[in-house]
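Structure, as structure tokens:
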There are 2 protein chains.
Amino acid sequence: MRIGELAERTRVPTRLLRYYEEQELLSPDRGANGYRDYAESLVDRVTQIRGLLDAGLPTKIIRQILPTLDNPCTIHVTDATPELIATLEHERARMDSRIGCLTRNRDAISAYLDAVRRGPATP
Amino acid sequence: MRIGELAERTRVPTRLLRYYEEQELLSPDRGANGYRDYAESLVDRVTQIRGLLDAGLPTKIIRQILPTLDNPCTIHVTDATPELIATLEHERARMDSRIGCLTRNRDAISAYLDAVRRGPATP
DNA sequence: TCAGACATTGACACTAATGTGAAGGAAAGA
DNA sequence: TCTTTCCTTCACATTAGTGTCAATGTCTGA
């Protein structure tokens with residue numbers, strides 16, 4: 001599909017899709033006319049990128065971990081350098097702490113909302 | 001304590017502590033000489049701010065939710081406007097989706113690392 | 001077939017947010 | 001006094017994301 005359709009389906013502006021390509025998060029094919037040609041699977045890919053960016057991961061890290069998220073069991077196992085493995089372990093640890101922090105604070109917000117809803121009069 | 005000690009204990013540069021004050025995430029007292037005077041509790045507060053920023057929350061949101069994270073059951077229940085409650089519910093939902101996204105991708109990285117460690121020769 | 005509407009391209013510049021560096025001066029402490 | 005710490009302020013770096021422009025490609029309906 002072309003960029004307009006992908007933008008519509010992912011609700012990500014075309015401008016941003018080109019930006020992600022510039023950041024090497026996407027590598028669509030090109031038609032004879034030079035237009036980008038996105039595979040069907042890139043709809044999910046874009047959603048995944050958005051989620052990771054929203055979660056606070058920088059593009060540089062996303063670029064590194066994206067290939068591992070496709071097919072963990074098959075293709076990409078072979079080209080795993082020790083550096084990549086170290087990076088992934090490091091990032092996994094960071095994601096763990098992120099998850100922990102977010103969970104703690106979300107729970108605190110939930111507790112606050114519960115307390116408010118129960119009413120200030122209840123001790 | 002003064003800014004230098006807080007910086008040392010939290011490992012957050014003094015420059016950044018002043019920046020957080022500018023962003024209204026911290027409000028230290030001031031001594032007669034104009035020096036910032038940080039309460040003991042702000043050590044944890046700074047750690048919490050760092051965690052939330054690392055998790056991708058912007059300062060504007062952190063500023064809003066910080067007061068609710070202190071003592072959900074006591075003090076701040078009274079001054080909860082409907083707008084604040086709506087904001088908190090919205091942010092909690094966003095944090096939920098962040099947690100979900102991070103968890104999914106972390107698990108995918110884990111699966112990849114497991115597969116690599118088991119060795120490419122195992123089908 | 002051709003004209004007009006619309007999509008796509010690359011390119012440059014720009015904003016907003018987070019984070020830093022450094023200059024110049026005042027206060028603290030040895 | 002002399003060094004360290006702290007003050008304010010200005011400027012800059014980086015990252016994610018936008019605006020916009022002119023040129024070109026595509027599509028549709030007369």
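Below, chains carry the letters A, B, ... as their sequence lines are ordered, and counting in each starts from 1.
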Q. For the pair made of CG in Leu26(B) and P in dT18(C), what is the distance, rounded to whole Å?
A. 14 Å
Q | Candidate pair Ile99(B) and Arg98(A), rule side-chain contact (heavy atoms from CB on, under 4.5 Å), full reasoning | A | CA-CA 8 Å; Ile99(B) 291 168; Arg98(A) 271 176 225 256; over 6 Å; no
Q) So, Glu21(B) and Arg30(B), do they make that salt bridge, N to O below 4.0 Å? A) yes
Q: Take the protein atom CG of Leu52(A) and the nucleotide atom P of dG17(D), then report the distance between them rounded to whole Å.
A: 12 Å
Q) Atom CE of Met1(A) to atom C1' of dT26(D): distance rounded to whole Å? A) 18 Å
Q. Which pair of non-hydrogen atoms, one from Thr10(B) and one from Val43(B), has the smallest distance, and what is that distance?
A. CG2-O, 3.9 Å
Q | Electrostatic pair Arg2(B):Glu8(B) at N-O distance under 4.0 angstrom | A | no
Q.
With a 3.5 Å distance limit and no angle check, can you tell me whether Asp37(A) reaches the backbone of Met1(A) through a side-chain donor-acceptor pair?
A. yes
Q.
What is the distance, to the nearest angstrom, from the CG atom on Leu16(A) to the P atom on dT9(C)?
A. 14 Å
Q.
If hydrophobic clusters are built by linking Ile, Leu, Val, Met, Phe, Trp and Tyr wherever their side-chain heavy atoms come under 4.5 Å apart, do Ile65(A) and Ile85(A) end up in the same one?
A. yes
Q) In whole Å, what is the span from the CG atom of Asp29(A) to the C1' atom of dT9(C)? A) 17 Å
Q: Please work out if Thr59(B) contacts a base, only the sugar-phosphate, or nothing of the nucleic acid, heavy-atom cut-off 4.0 Å.
A: sugar-phosphate
Q. Does a side chain donor of either Arg63(A) or Tyr20(A) reach within less than 3.5 Å of an acceptor in the other side chain?
A. no
Q.
Without decimals, in angstroms, what is the distance between Leu17(A) CG and dG10(C) P?
A. 13 Å
Q: Under 4.0 Å from any atom of DNA chain D, heavy atoms only: list the residues of residues 30-44 of chain B that qualify, in numerical order.
A: Arg30(B), Gly34(B), Tyr35(B), Arg36(B)
Q. Do the side chain of Arg15(B) and the base of dG19(C) come within less than 3.5 angstrom through a donor-acceptor pair of N or O atoms?
A. no
(Q) Side chain of Tyr19(A), heavy atoms from C-beta onward: which of dG19(C), dT8(D), dA16(D) has the nearest atom to it? (A) dA16(D)
Q. Atom CD1 of Ile61(B) and atom C1' of dA16(C): how far apart are they, to the nearest Å?
A. 15 Å
Q.
Does dT9(C) have OP1 or OP2 under 4.0 Å away from a side-chain N or O of Arg18(A)?
A. yes
Q. Closer than 4.0 Å, any side-chain N/O of Tyr20(A) to the OP1 or OP2 of dG17(D)?
A. yes
Q) Relative to the 5' end of DNA chain C, which residue comes earlier, Arg2(B) or Arg50(B), by the nucleotide with the nearest heavy atom? A) Arg50(B)
Q.
Measuring from the side chain of Ile3(A) (C-beta onward, heavy atoms only), which nucleotide among dT26(D), dT9(C), dT18(C) has the closest atom?
A. dT9(C)
Q | Value in whole Å for how far the C1' atom of dC6(D) lies from CD of Glu5(B) | A | 14 Å
